[in-house]
Amino acid sequence: MKKVILSAACLGTTMVFAQVKDSLQTQSVEEVVMTASRKKENIKEIPGSITVVAEKQIQSQLTVNSDITSILQYTVPSLGTNSGQTSNTGQTLRGRQVLVLIDGIPQSTPLRNGARDLRVVDPSAIERVEVIKGASSIYGNGADGGIINYITKRSKTDKKISGISQIGFTGQPYGGTLGIRASQLLTGKINRFDYTFSLAYERTGYMKDASGVYLSPTYSTAKMDNYNGMLKLGYNINDNQRIEASYIGYSSRSDLNLGLSTGKYGIRPTIGEGVGKSLETTPQGTPKNHNIRVSYDNKNLFAGTSLNINLYYQDFKTVYGYSDTFLNGGQSNVISKKAGARFNFDTQLWNSANSQGEIIYGADILNDQTVQKLEDGRFWTPNMNMTNIAPFLLTKIDLFKKLTIKAGLRYENIRVNVDDFNTLSVLKSDGTFTTSIPVAGGKLNYNALVGNIGIRYNVQPYINLFASFSQAYSINELGRILRTSTSETIKSLETKPIIVNNYELGATGQLSNWLNYELTSYVSTSKLGASFVQSPDRALMIQRSPEIVYGVEGFLHFTPLHWLQFGGSYSWMEGITSLKDDGNYSAKINNSRISAPKVLAYVQAKPIPVLSLGLDMLHSFTQSRFEPNAKTGLYAYGEGYVPEYTVFNFKTSFEVNRNWKLSLGIENLFNKKYQPAIAWWSARDNEFVNALGMRGTLMVEYKF
């Protein structure tokens, strides 16, 4: 299969908005980002929409909740709200799956999306988060809705040693909820050598709702040990050459022993009650996520050409709770190992007073081995071994320091080897189990030429216009398609890739010294999308049909006084599909992907230099897009009615002196009792759960 497509992220044509909520100063226009083009770029050169969550903002949000999925829901406008659990199911970006990276290393498992790729690193190790919104192929498989890249901390000092020590306590106004977290950062530079070392540990207490009732133990973050370690070593060979090596390790394990009391959808929440049945043989969580990276940079390889080489390896495993869905019961896991190399050349074509031209070119190589099994060794999916070799080329032209034009091509050459396997016997709605089927594996080949094109015109400081066309190319949920096979050979299954075309138009600018704005509209289409739908026996299956997702988002940021700032954002989206591929798009993509409209608002003040006060608000609107079944009165999965809710978080910090700082954060400030969106749209009794009640975090920091 060979297609010609124009893909937007291929080499990242996305514009950046740098969030500034916790700096109390407007971000410099000289701010640069790495993710959009795999090189440092000024935000005013990128023709698309990016959100940058800065270090101070991460640290401030960390005071309220250390869960990165919570931090992102309060800082990224078009990202779905989080579930409050270990799973990030439903937390899509612009209605599509997102590719998660750590320093460019893929964390997501698109061959079998286990929805645990956002919680793979502790926020204390993150310098900033760069979010490319819209289809992107710049980092390969899985970025249908965009990219979230965690950029980890690096040495920024000339001292031999400096660091930050933190210890914090969390708790709710109920017994048994006390938690503790501690982190240590050390960084320094010795001649040409620099280093960054960090450790973080968190032990959570029980999680309770606004009435003091235990939250459901399913996918719970309660009674969990979280560990994170990072070591980054760099050496400047000379002024032009640098080599860097890093290791990042993350682990989370829960020893929660809490029983489950199943509620009734829309009436009575599912809660934790009594003692668990001790059927789990392995603690649920993500027991390991190891990332190793080695990079080499040469700013002047030859004739105005620079070179960047990245070699990486990831070893990931996540484990789910016990389920009687399987014959004789069991715990499932997702295991993924990735090894890859990226070769990036950047050649300056010309550089005159009024124009510049350059090309970026190279190749990516990725091997991804993913499987889903039960802890007792039974295969739920077969072993899938994917190799992707992708050469690329991007051109960039800057004219009159106002106009930027980008265009790129990337050739995807993907091979997937699938082992022979037997499908698992799983529970049906009538109480019986499916029959295990032997399925012959084989080789699947995918090829496509994808590309991107974008333009940005910085007319005046008060208005900068951008437009882009971009694409993503992904083999999404191949494992889920295979594990529900009713055929004895994979060749008869619908395993074609998802190709997303993303169209974006927007404007951004600074109307005065105290007002910044951005407004973006987008449309993304795919001739063969993929959504979870409910089969007649209420099991989940993959629906493949043409799709259109469209929406708008925007933000306003005000700084009327040097000590005061406030602002907010709004995002709205809709998704439609042609179930019969006949041009009739009257059917809607369900709420598991299409999030309710969301408003984020904040106010931040520094009445005196040593005191900071902040209030964040998240408002999720009502979402009523489907009707329940006329006979049963039940909603299908993903189609449940979602009521609106509003949550406030408070945070404050006091600088005792140059070295010491005290911080206090209160999540769910008014102890509101509500259910997260996923509890409603999933429309299942066991998933109808309450959200976390009021919880406080007290943190002490020592900087040296």
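Just so it is clear, the structure is predicted and the values come from calculations on it, not from any experiment.
- Here the side chain of N289 pairs a donor or acceptor atom with the backbone of V120 at under 3.5 angstrom.
- Side chains of Q241 and Y296: a donor-acceptor N/O pair is present below 3.5 angstrom, by distance only.
- Inspection of the T69 and N82 side chains reveals an N or O donor paired with an N or O acceptor under 3.5 Å.
- Expressed to the nearest 0.5 Å, how far OH of Y473 lies from CG of N141 amounts to 9.0 Å.
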Decide side-chain contact (heavy atoms from CB on, under 4.5 Å) for E477 and Q97; before the verdict, give the C-alpha distance in whole Å, the side-chain angles of both, and the deciding distance to 0.1 Å. CA-CA 11 Å; E477 285 291 25; Q97 72 165 351; over 6 Å; no
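- Between the side chain of K598 and the backbone N or O of Q73 there is at least one donor-acceptor pair closer than 3.5 Å.
- Atom CD of Q314 is separated from atom CZ of F316 by 7.0 Å, given to the nearest 0.5 angstrom.
- By the 4.0 Å N-to-carboxylate-O rule, E127 lies close enough to K156 to be salt-bridged with it.
- Proximity of a side-chain donor or acceptor of T305 to a complementary backbone N or O of F302 within less than 3.5 Å is detected.
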Decide salt bridge (Lys or Arg N to Asp or Glu O under 4.0 Å) for K406 and E45; before the verdict, give the C-alpha distance in whole Å, the side-chain angles of both, and the deciding distance to 0.1 Å. CA-CA 9 Å; K406 287 185 176 181; E45 299 175 338; over 6 Å; no
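- Interatomic distance, CG of N447 versus CD1 of I389, reported as 10.5 Å (0.5 Å rounding).
- The backbone N or O of L564 lies less than 3.5 Å from no partner atom in the side chain of T559, so there is not a single donor-acceptor pair.
- At least one donor-acceptor pair under 3.5 Å links the side chain of E130 to the backbone N or O of T35.
- T577 contributes a side-chain N or O that, together with a main-chain N or O of P546, makes up a donor-acceptor pair within less than 3.5 Å.
- R96 and S524 form a side-chain donor-acceptor contact under 3.5 Å, judged by distance and modelled atom types alone.
- With hydrogens and angles disregarded, a donor-acceptor distance shorter than 3.5 Å links the side chain of Q107 to the backbone of I105.
- In this structure, I397 CD1 and I359 CD1 are separated by 11.0 Å, a value rounded to the nearest 0.5 Å.
- Test K159, R242, R154, K160 against D194 for salt bridge (charged side-chain N to carboxylate O under 4.0 Å, His left out) and you get one pass: R242.
- T196 places a side-chain N or O within donor-acceptor distance of the main-chain N or O of S155, the cut-off being under 3.5 Å.
- In the model, E518 has a side-chain atom that pairs as donor or acceptor with a side-chain atom of T520 under 3.5 Å.
- D616 contributes atom CG, which lies 8.0 Å from atom CD of Q57 (distance to the nearest 0.5 angstrom).
- Formation of a donor-acceptor pair under 3.5 Å by the Q91 side chain with backbone atoms of G80 is found in this model.
- Donor-acceptor pairing under 3.5 Å is lacking for the side chains of D346 and N344.
- Ring orientation note: the planes of Y361 and F345 are close to parallel, at an angle under 30° on the 30°/60° scale.
- Side chains of S569 and E553: a donor-acceptor N/O pair is absent below 3.5 angstrom, by distance only.
- At a threshold of 4.0 Å, the pair K153-E55 counts as salt-bridged, since one of the basic side-chain nitrogens sits closer than that to a carboxylate oxygen.
- With sequence neighbours excluded, the residues forming a salt bridge (charged side-chain N to carboxylate O under 4.0 Å, His left out) with D364 are R38, R410, listed by chain and number.
- Of the inter-residue distances, the one linking K44 atom NZ with T404 atom OG1 reads 9.5 Å to the nearest 0.5 angstrom.
- Side chain to side chain, D297 and N308 meet the donor-acceptor criterion of an N or O pair below 3.5 Å.
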